[in-house]
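Here the structure comes first, spelled out in structure tokens, and everything after it is commentary.
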There are 2 protein chains.
Amino acid sequence: MQKADLEQLEKNPVLGPLPESARNELLEDSLELELPAGTTLFRQGEDARFLRIVLEGRVALVGSSDHKDETVVEFFQTDDVFIIPAVILELPFLMSAKTVEDSRILMIPANRFREVMEREQSLSLAVARELGRHWRLMIRQVKDLKLRSAPQRLGSYLLSLADTDRKHDEIELPEQRGMLARRLGMTPENLSRAFSRLQSSGVQSRGRLIVLSDIPALREFCAYDDLT
Amino acid sequence: MQKADLEQLEKNPVLGPLPESARNELLEDSLELELPAGTTLFRQGEDARFLRIVLEGRVALVGSSDHKDETVVEFFQTDDVFIIPAVILELPFLMSAKTVEDSRILMIPANRFREVMEREQSLSLAVARELGRHWRLMIRQVKDLKLRSAPQRLGSYLLSLADTDRKHDEIELPEQRGMLARRLGMTPENLSRAFSRLQSSGVQSRGRLIVLSDIPALREFCAYDDLT
DNA sequence: CGGCCGACTTGATATGTATCAATGAACCAG
DNA sequence: CTGGTTCATTGATACATATCAAGTCGGCCG
């Protein structure tokens with residue numbers, strides 16, 4: 001493992017609070033994978049044998065029911081620790097996971113993680129807080145799906161990437177439009193239409209670059225609240 | 001506080017693992033409220049000054065965006081500890097909460113809970129596990145909303161209340177149909193239609209009593225998976 | 001340079017769900 | 001028993017989103 005990666009982990013919200021010796025113990029039997037975009041990391045229903053951390057790149061949690069087409073529930077990026085619940089509860093994955101760009105993934109054996117967590121107060125505290133944040137993200141998403149239209153969901157997503165204190169900002173979409181559409185609960189076709197709908201609220205898109213020229217208007221349109 | 005309640009808390013998945021002295025300390029400045037159905041416990045945006053536990057009754061987490069009509073994100077019932085994330089992260093509520101039947105609610109001061117959690121490994125572990133379970137419930141709900149139709153969501157919900165190993169079972173809806181409709185992401189009118197749609201999969205409803213006469217067929221219809 | 005391929009867009013149509021309005025059933029108070 | 005209130009159902013219609021089918025754009029490779 002690279003020195004740069006170790007330093008990165010020291011600042012990680014989950015692993016960072018651990019004393020160095022415990023962190024090293026976690027890393028002992030860990031492995032690091034370098035994966036091209038589009039690789040499946042695991043499938044729903046499988047047992048959680050490793051905890052995963054994104055060292056670099058981007059991963060999507062994808063779900064399917066039967067053989068219908070997939071949906072994306074969440075993206076994880078550099079420094080995110082994911083599938084903690086399956087690991088600590090020793091339950092099978094509810095979702096599959098797949099890289100959306102070339103990625104480096106750290107895999108920590110599940111039983112070792114559980115051992116250290118049962119011993120180290122700092123880790124169980126950090127895990128509790130991290131899961132609290134994850135839970136709130138999901139709550140936001142459920143509210144979005146139930147209360148907002150497709151264009152409003154897109155607008156809220158764009159706002160979450162922007163500096164909402166300014167009037168004007170430019171952002172870059174971190175994923176392909178098809179994937180983004182699934183994350184937002186719509187088809188790619190409808191994502192296109194949602195973008196054109198947002199033009200009247202000052203949203204211009206050229207490829208992955210998005211220009212928000214009237215953020216207050218966009219907030220208004222989306223009924224966006226800042227609740228963290 | 002009643003003796004019966006104390007015994008109940010000893011078995012609680014979150015507070016149970018605590019040593020008795022620490023549990024008593026948590027209860028010291030706590031208060032118990034007896035509330036009629038329909039009472040609002042708190043509103044979204046407010047600060048989380050208390051952790052809540054349902055001693056008896058039923059509570060809905062409701063959300064609204066702007067002044068549109070509300071949606072129900074989740075129900076909590078006897079023994080459930082709720083809004084842990086807002087309490088431990090010291091963030092404002094993302095949702096409001098409201099009793100859906102007469103309820104007794106225990107309120108534990110947030111700062112005291114945080115103190116004890118930072119000190120007691122048993123509590124931070126229990127909290128981590130509880131939040132893991134909550135997270136998985138939300139994941140299920142997001143998958144439901146994104147992948148299934150309204151009648152399928154209703155069917156899955158009914159299956160989650162039934163003994164799915166049997167062919168035939170009877171269940172009782174724990175809430176009014178209007179509330180259930182909002183929890184499932186549809187209107188009350190559409191819930192009615194969803195029920196009639198499910199008749200062909202062996203679902204009969206008479207008031208709050210539901211008879212499932214062909215559970216395998218219902219599972220098939222809903223593309224139901226048993227992932228816990 | 002030209003042609004192919006994947007990703008995105010655009011338009012026409014179909015479907016699911018919401019909305020609106022009316023009716024019916026259950027419950028309670030008088 | 002009666003009238004009122006609330007909640008659930010039913011039907012007619014409107015709207016949002018999905019689906020299906022072309023078409024466009026841009027990058028990549030021969």
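Here the structure is a predicted model, which is why all the values come from computation and not from measurement. The figures here come from the full heavy-atom set of this structure, side chains too, leaving out hydrogens, waters and symmetry mates. Naming convention: chains lettered A, B, ... in sequence-line order (proteins, then strands); numbering from 1 in each chain.
You'll find a donor-acceptor pair under 3.5 Å spanning the side chain of E189(A) and the base of dC20(D), going by distance alone. Put simply, the side chain of R193(B) and the base of dG16(C) share no donor and acceptor less than 3.5 Å apart.
In this model, the phosphate group of dG16(C) is not approached by any side-chain N or O of R197(B) to a distance below 4.0 Å at OP1 or OP2. Close to dT17(C), at under 4.0 Å from its OP1 or OP2, lies no side-chain N or O of N190(B). Residue T187(B) has no polar side-chain atom (N or O) positioned under 4.0 Å from OP1 or OP2 of dT17(C).
The distance between atom CE of M179(A) and atom P of dC8(C), rounded to the nearest whole Å, is 10 Å. Between the P atom of dC7(D) and the CZ atom of R177(B) lies a distance of 14 Å, rounded to the nearest Å. In this structure, L198(A) atom CG and dT9(C) atom C1' are separated by 16 Å, rounded to whole Å. To the nearest angstrom, P of dA8(D) lies 14 Å from CE of M186(B). Atom-to-atom, CD of Q152(A) to P of dA16(D) comes out at 11 Å; the value is rounded to the nearest Å. Taking atom CZ of R206(A) as the reference point, atom P of dA7(C) lies 23 Å away to the nearest angstrom. One can place CZ of R182(A) at 9 Å from C1' of dA18(D), the figure rounded to the nearest angstrom. Rounded to whole Å, the distance from NZ on K146(A) to P on dA18(C) is 12 Å.
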### Query
Does the pair E70(B) and R182(B) meet the rule for a salt bridge (charged side-chain N to carboxylate O under 4.0 Å, His left out), with working shown?
CA-CA 8 Å; E70(B) 297 178 325; R182(B) 294 304 169 185; over 6 Å; no

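R140(B) and D225(B) are joined by a salt bridge, as a carboxylate oxygen and a charged side-chain nitrogen come within less than 4.0 angstrom of each other. D102(B) and R58(B) are not joined by a salt bridge, as no carboxylate oxygen comes within less than 4.0 angstrom of a charged side-chain nitrogen.
Heavy-atom minimum distance, P85(A) versus W135(B): CG-CE3, 3.3 Å.
Here the nucleotide nearest the side chain of S192(A), chosen from dC8(C), dC20(D), dA8(D), is dC8(C).
Note that R177(B) lies in the cation-pi zone of F195(B), set by a 6.0 Å cut-off to the ring centre and a 45° limit from the axis.
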